[in-house]
**Q** 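Dropping a structure here in structure tokens format, bear with me for questions.
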Amino acid sequence: RRFGPEVADRLVEPFVSGIWAGRADALSVVHSFPELVRAEAESGSVIRGGVATISRRARANESRRGLLSFVSGLEALPRRLADELGPRVRFRTPVESFRRRGNRWLLGAAGEEVEADAVCLATPAGDAARLLKDLDSEATAALGTIPHPPLVVLHVGLRGPIPRRGFGHLVVPQPGRRILGAVWSSNLFPGRAPEGSSLLTVFLGGARDPAAIDLSDAELLAAAGRDLDAALDTRTALEPIRVTRYPRALPQYDFEHGERLARLARAERALPGLTLLGNFRGGVSVGDVIRSAQAL
């Protein structure tokens, strides 16, 4: 509506598939990109809103936004959180029952019952739905109907440097192309590949291509090699490092998502002491989830 079909198809669609593994025509902009909606509402246009946002951040001397990681990878974050919490963290202890007794919460796990004043369910949406099934049917239905398209993350090695500058690329939907895009990991962070080699993280599947998760490792590698060669002119065989399949990846904030959020809010009001926290509300990125947790 604002910029025409070419911008929608060749800029917005690959951007949305890269962030959400979804389809631009199936997501609610109000819930998926609230900053964009807010900037347009305040400034009267998308472009003026973007310029105003950049100017405001510059005046406030906000730290530069961008991709980040840790020397030992993103797993450093949950590992450090676990170290700080010490014995209060219980690993491999699934909650088997979840009920209310008066104003208290009772959680059954590992053969014992834990009593609490307040409970935060910070699980994936499907697990939260399972735990709430005997407590709030509306919240259970809302959590259980959030679409989660499958995603494949393929780490591949490349002999020699990546023959492009930058940190990655997205792929415009088109016949003959299967990957959603790739992060050029060794261009982005040091120590991600041996000397003289490169590491790329390739994404396949999502709402546009859910059948990709059923491909064999060899088929995934062949698709990645073909598409990377077309984009980067790699002209060398890729070395498979790791293939990870996520049957239910990122939650999709579709056109029903606003009503789902309203149902979850009603459940929290009806069940004092319960909070639902996760990437199914408030954003899907690591930064979004951290902000939601800090606000709680």
Side-chain angles (χ1 to χ4, degrees), residues 8-34 36 67 74 121-130 139-156 168-183 200-224 226-228 231 242-261 263-264 276-289 292:
D9 294 341
R10 302 189 65 82
L11 183 63
V12 176
E13 186 65 42
F15 178 72
V16 168
S17 68
I19 292 178
W20 290 86
R23 299 178 62 96
D25 59 1
L27 296 184
S28 162
V29 69
V30 172
H31 297 290
S32 302
F33 297 98
L36 177 68
L67 298 175
L74 283 176
L121 292 187
T123 68
D127 294 315
R130 174 180 60 83
T140 298
L143 291 163
T145 56
I146 300 174
H148 290 70
L151 188 68
V152 180
V153 181
L154 178 64
H155 290 90
V156 294
H169 74 285
L170 298 169
V171 177
V172 175
Q174 57 192 289
R177 295 283 177 268
R178 191 132 203 187
I179 73 171
L180 302 175
V183 175
L200 299 97
T201 306
V202 184
F203 302 90
L204 302 95
R208 281 191 351 219
D209 186 15
I213 198 170
D214 297 320
L215 297 176
S216 67
D217 289 3
E219 290 171 321
L220 291 167
L221 187 65
R226 182 181 63 250
D227 289 1
L228 288 173
R242 181 180 296 169
V243 179
T244 309
R245 293 172 172 83
Y246 297 96
R248 289 171 54 83
L250 295 173
Q252 303 294 291
Y253 294 5
D254 60 12
F255 300 121
E256 285 75 50
H257 201 67
E259 175 55 31
R260 292 193 192 101
L261 295 179
R263 290 184 185 183
L264 299 184
L276 299 166
L277 188 73
N279 64 358
F280 50 81
R281 67 196 304 196
V284 298
S285 73
V286 174
D288 290 333
V289 173
S292 297

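Count residues from 1 along the sequence.
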**Q** Shortest non-hydrogen contact from L151 to A249?
**A** CB-CB, 3.6 Å

**Q** Decide yes or no for V171 and D227: does some side-chain heavy atom of the first lie under 4.5 Å from some side-chain heavy atom of the second?
**A** no

**Q** Residues in salt bridge (charged side-chain N to carboxylate O under 4.0 Å, His left out) with D217, at least two apart?
**A** R245

**Q** Does the side-chain contact (heavy atoms from CB on, under 4.5 Å) test come out yes or no for H169 and L228, once each step is laid out?
**A** CA-CA 10 Å; H169 74 285; L228 288 173; 3.7 Å; yes

**Q** Kindly give the heavy-atom pair with the smallest separation between P251 and I146, and that separation in Å.
**A** CB-CG2, 3.7 Å

**Q** Could you pull out all residues at least two apart from R10 that satisfy side-chain contact (heavy atoms from CB on, under 4.5 Å)?
**A** E6, V172

**Q** For residues I179 and A223, report the shortest heavy-atom separation together with the two atoms involved.
**A** CG2-O, 4.2 Å

**Q** About how many Å separate CG of D254 and CZ of R23, when rounded to the nearest 0.5 Å?
**A** 13.0 Å

**Q** Output, in order, the C-alpha distance, side-chain angles, deciding distance and verdict of side-chain contact (heavy atoms from CB on, under 4.5 Å) for F203 and V152.
**A** CA-CA 6 Å; F203 302 90; V152 180; over 6 Å; no

**Q** Between A21 and P149, what is the shortest heavy-atom contact and its length?
**A** O-CG, 3.6 Å

**Q** First locate atom CZ of R130, then atom CG of L121, and finally report the distance between them rounded to the nearest 0.5 Å.
**A** 10.0 Å

**Q** Would you say the side-chain atoms of Q252 pair up with the backbone N or O of L250, donor to acceptor, closer than 3.5 Å?
**A** yes

**Q** Could you tell me the separation between the CG atom of L215 and the CG atom of L221, rounded to the nearest 0.5 Å?
**A** 11.5 Å

**Q** Does the pair S292 and L277 meet the rule for a side-chain contact (heavy atoms from CB on, under 4.5 Å), with working shown?
**A** CA-CA 7 Å; S292 297; L277 188 73; 3.8 Å; yes

**Q** For F255, does the CZ atom have more than 12 heavy-atom neighbours from other residues, nucleotides or ligands under 6.0 Å away?
**A** yes

**Q** With sequence neighbours left out, what residues match S32 under side-chain contact (heavy atoms from CB on, under 4.5 Å)?
**A** W20, L27, Y253

**Q** For R281 and L264, indicate whether the former's side chain and the latter's backbone hold a donor-acceptor pair under 3.5 Å.
**A** no

**Q** Identify the heavy atoms of G22 and E13 that sit nearest to each other, and give their distance.
**A** O-OE2, 3.9 Å

**Q** May I ask you to decide if E256's main-chain N or O and E259's side chain share a donor-acceptor pair within less than 3.5 Å?
**A** no

**Q** Among residues two or more places apart or on two chains, list those pairs meeting salt bridge (Lys or Arg N to Asp or Glu O under 4.0 Å) that have a residue in residues 203-214.
**A** R178-D209

**Q** Check the pair H148, R248 against side-chain hydrogen bond (donor to acceptor under 3.5 Å, both in side chains), reporting the backbone distance first and the verdict last.
**A** CA-CA 5 Å; H148 290 70; R248 289 171 54 83; 3.1 Å; yes

**Q** To the nearest 0.5 angstrom, please state how far the OG1 atom of T123 sits from the CZ atom of F280.
**A** 6.0 Å

**Q** Scan V243, L200, T244 and name whichever one has a side chain to side chain contact (heavy atoms under 4.5 Å, CB included) with L154.
**A** V243

**Q** Closest heavy-atom contact between P150 and I213?
**A** CB-CD1, 3.6 Å

**Q** Applying ring-ring contact (aromatic ring centres under 6.0 Å, His included), can you list everything that pairs with H31, at least two apart in sequence or on another chain?
**A** H257

**Q** Can you measure from CG (L67) to OG (S285) and round to the nearest 0.5 angstrom?
**A** 10.5 Å

**Q** What residues, two or more places apart in sequence or in another chain, satisfy salt bridge (charged side-chain N to carboxylate O under 4.0 Å, His left out) together with D288?
**A** R291

